[in-house]
There are 4 protein chains.
Amino acid sequence: MTGIAQLVEEGLVTEPDSAKGRLIKAAGQLFKEKGYARTTVRDLAAEVGILSGSLFHHFPNKEAILRAVIEEAIHRVLAQMYDALAKVEDPVEKLRAMVRCEGHAINNDLNPGFQIMASEWRSLNPENQESILVLRREYEGLWKKVLDTLFQQGLINVEGSFTRHFIRGALIESHNWYDVDGKLTLEQLEDKLIQALVHSP
Amino acid sequence: MTGIAQLVEEGLVTEPDSAKGRLIKAAGQLFKEKGYARTTVRDLAAEVGILSGSLFHHFPNKEAILRAVIEEAIHRVLAQMYDALAKVEDPVEKLRAMVRCEGHAINNDLNPGFQIMASEWRSLNPENQESILVLRREYEGLWKKVLDTLFQQGLINVEGSFTRHFIRGALIESHNWYDVDGKLTLEQLEDKLIQALVHSP
Amino acid sequence: MTGIAQLVEEGLVTEPDSAKGRLIKAAGQLFKEKGYARTTVRDLAAEVGILSGSLFHHFPNKEAILRAVIEEAIHRVLAQMYDALAKVEDPVEKLRAMVRCEGHAINNDLNPGFQIMASEWRSLNPENQESILVLRREYEGLWKKVLDTLFQQGLINVEGSFTRHFIRGALIESHNWYDVDGKLTLEQLEDKLIQALVHSP
Amino acid sequence: MTGIAQLVEEGLVTEPDSAKGRLIKAAGQLFKEKGYARTTVRDLAAEVGILSGSLFHHFPNKEAILRAVIEEAIHRVLAQMYDALAKVEDPVEKLRAMVRCEGHAINNDLNPGFQIMASEWRSLNPENQESILVLRREYEGLWKKVLDTLFQQGLINVEGSFTRHFIRGALIESHNWYDVDGKLTLEQLEDKLIQALVHSP
DNA sequence: GATGAATGAGGTTTCATTCAT
DNA sequence: CATGAATGAAACCTCATTCAT
């Protein structure tokens, strides 16, 4: 997609076909499947066909890989969200666009870093956490604007900040029960969440 | 409390003052703070004032401690929930009682095992997962009954099973942002979640 | 010897027959023979008949072993020096006693830590260096007192502080050429150094 | 200087402005500061602005760099010493000239290889040691001649061979305490050493 | 000559677990 | 029951060296 290409150009995301890029992708999958602590650097290296020592040409240490996985994921979701938000006007539709982005990020294997951020946050040292928090603040700012509007218009029952926490929890948790191959489509799941929280006017 | 005493008597929960009981309590705190993988058996032993070797007189291995922490937590919450549900009739109040139980279990340090179940599920091997799932099914059954009723009565917008997933996610996530010492009480937070999902009739 | 026994009792030196004591002794030999960087913890462990992992029951890391080797060596030399100094009155004889102590410490395999301190000083991080410096200052204080007296009495040509540096260098370097099994005894070598620096009155 | 230029011409010393020459100079500094084992080829390469792989166009392996650093240093000191010795006649002045050469080599950063030889001797394999020993023997021969004369004339108290060892030790050790920026000049230090060992007639 | 990704052996350290005392 | 030294596998990481480009 042209979206990714632009992120690569800006240096925010690693070229997916490069060794480093393939490493980040493999790390995303493994961290999601097995967890960060139970994924060894040998696992990672084997997944991209190099030896474990070679890993440290691309990253100074294992935690830097975790950080890269998460940061690139946020950059990707952010870019998608800006795109999607620009296409609709209605606040409910803006919310739907955002839920779609986050829901897909969490439940699709294309961008597992987002889910990993939720489950492995404590595996990051304070410095890396802070670095990621900068991105998260930008990201959460988008949600706040839309949800505050909805609350002012009386379309949701509780303040935007709380509603955002509820939505985040619900979407993260969906990863633990939603079956991508089941009958329910991801879009239907996302719509149900919106329906649960937003009044039909 | 007589509640705990009875659970002890039934063999579902370890006597809290025994060495084993103190071990489980300490494990709950440490697993919550640092995560299961990053908590060493030495940490655990030191916390209760024994040496790491002695730990294995009480548990066959480290994972058995994790399992005990989780199972005892569910037993506790289940007992509290049965108690609380028996005291009210109105479905919304039943829901409130359940949200109170789970919300407190997650955000109080008294019973951290519930939160740990959510974050460390993948650290358990299939056998232990299955053993815990037996309890979880009983626990989720309670939720299903109440939420199905609410949906039939038109008080919530989406089916009970989905609403339950949303509530679970929202409550688990609350652990990541709710500040016990802040202005918002836990009860207020729980009420906001109910308000977000349930129609005022 | 009763001297060592007392140091053990005071906690300044590790019981030589304990695992830790044998480790320190083996480390002294290996660090002297191969150098600190080229001695692996596996080498060390093999030398005392344990596995490398077991090493870390006794020491938090490799550098702590180096530090222990050096500190215990200084404690030993210090104790010997106090003993020897107490037995003579004449300043030249006091100097001879000190040169004997240091010369033997450097050229005997009984106490290689002293030599190691000279050659591996840069392998220690600043904290460990400072800890050892506390001992060194006490040790150098003994030399200063005796050499200052000799200078005031006109028995040596240059100030005590410089003479001390020259003696230290000469004795450390002796390790690189003196042959314990050769014709020259260690005592003869030490006397030659004194003779080179001190006037026959 | 013409001295160095001639050494370059004879092939004994590498042209200082060439890549190889700059490499040897950088290696000298780093080996002196951090020690041979703790200096990586990456450090070396970075210091001269190339990548580590390129290093091996100039040297077959890391140890060859150490050897070159030492051998070139000895060639330099030897040349300086021949020059200086040719300018004076008096044995004491010859000794002073030699002490000046060696003292400066050790305490000046211009030619750190001499000091490195002392501290990193064990890092060399036997072949490289032997190769260097050929040079050292020539070098030590110069000292022997002068010191033997002084002993025969009764100007020093102990045989030349021992006195040489003492001087070498004292000068090498001076590197550990002499402060180039302090009040004492290097010449004063060197004179003190001579004064300590040589009788004023 | 230079690059830089990759190698692969080997380094230190961690840690759950065992077991003689 | 507790101890604590020892185990041994496995972890992360380092680094001299190679080699296709």
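By convention in this document, chain letters (A, B, ...) are assigned in the order of the sequence lines, proteins followed by strands, and residues within each chain are numbered from 1. All values derive from a computational prediction rather than experimental measurement. Heavy atoms only: backbone and side chains are in, while hydrogens, waters and symmetry mates are out.
Taking for each of A:Asn61 and D:Pro60 the nucleotide of DNA chain F with the nearest heavy atom, the 5'-most of the two is the partner of A:Asn61.
Distance C:Glu63 CD to E:dG11 P: 18 Å, rounded to the nearest Å. A straight line from CG of C:Asn125 to P of E:dT12 spans 16 Å, rounded to a whole angstrom. Rounded to whole Å, atom P of E:dA16 lies 8 Å from atom CG of B:Asp43. Across the protein-nucleic acid pair, B:Lys20 atom NZ and F:dA2 atom C1' stand 17 Å apart, rounded to whole Å. Rounded to whole Å, the distance from CZ on D:Phe59 to C1' on E:dG1 is 15 Å. For A:Arg38 and E:dT14, the CZ to C1' distance is 17 Å, given to the nearest whole Å. To the nearest angstrom, P of E:dC15 lies 8 Å from NZ of B:Lys62. Atoms CG (B:Leu44) and C1' (E:dT17) sit 14 Å apart, rounded to a whole Å.
Taking every side-chain heavy atom of A:Phe56 into account, F:dC12 is the closest of E:dC15, E:dT12, F:dC12. Among F:dC1, E:dA6, E:dG10, the nucleotide with an atom closest to any side-chain atom of A:Arg42 is E:dG10. Nearest to the side-chain atoms of D:His57 among the listed nucleotides E:dA5, E:dA2, E:dT12 stands E:dA2.
Side chain of C:Gln115 to main chain of C:His175: no donor-acceptor pair is present (N/O by atom type, distance under 3.5 Å, no hydrogens or angles).
Remark: A:His58 is in phosphate contact with E:dA6, judged by side-chain N or O atoms under 4.0 Å from OP1 or OP2.
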Report task. Given side chain to side chain contact (heavy atoms under 4.5 Å, CB included), test D:Glu130 with D:Leu133 step by step and report yes or no. Result -> CA-CA 5 Å; D:Glu130 188 49 46; D:Leu133 274 175; 3.8 Å; yes

**Report entry** Test salt bridge (Lys or Arg N to Asp or Glu O under 4.0 Å) applied to D:Asp43 and D:Arg38, step by step
**Finding:** CA-CA 10 Å; D:Asp43 291 338; D:Arg38 281 181 300 284; over 6 Å; no

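Under a 4.0 Å N-O distance rule, the pair A:Asp109/A:Lys32 qualifies as a salt bridge. Looking at D:Glu120 and C:Arg122, a side-chain N of the basic residue comes within less than 4.0 Å of a carboxylate O on the acidic one, giving a salt bridge.
Under a cutoff of 6.0 Å and an axis angle of 45°, C:Lys62 and C:Tyr36 form a cation-pi pair.
No engagement by A:Ser18 is indicated, since no non-hydrogen atom pair under 4.0 Å with the nucleic acid exists.
Neither side chain, B:Ser123 nor B:Glu63, offers a donor N or O lying under 3.5 Å from an acceptor on the other.
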Query raised in the report: Under a cut-off of 3.5 Å for both distances of each Watson-Crick or G-U pair, what dot-bracket string does DNA chain E give, using [ ] for crossing pairs and | for inter-strand pairs?
Result: .||||||||||||||||||||

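Atom CG of residue B:Leu55 and atom CG of residue B:Leu44 lie 6.0 Å apart, to the nearest 0.5 angstrom. In this structure, the separation between CG on D:Asn128 and CZ on D:Arg67 is 5.0 Å, given to the nearest 0.5 Å.
Non-hydrogen atoms lying under 4.0 Å from DNA chain F are contributed by A:Ser52, A:Gly53, all within residues 45-55 of chain A.
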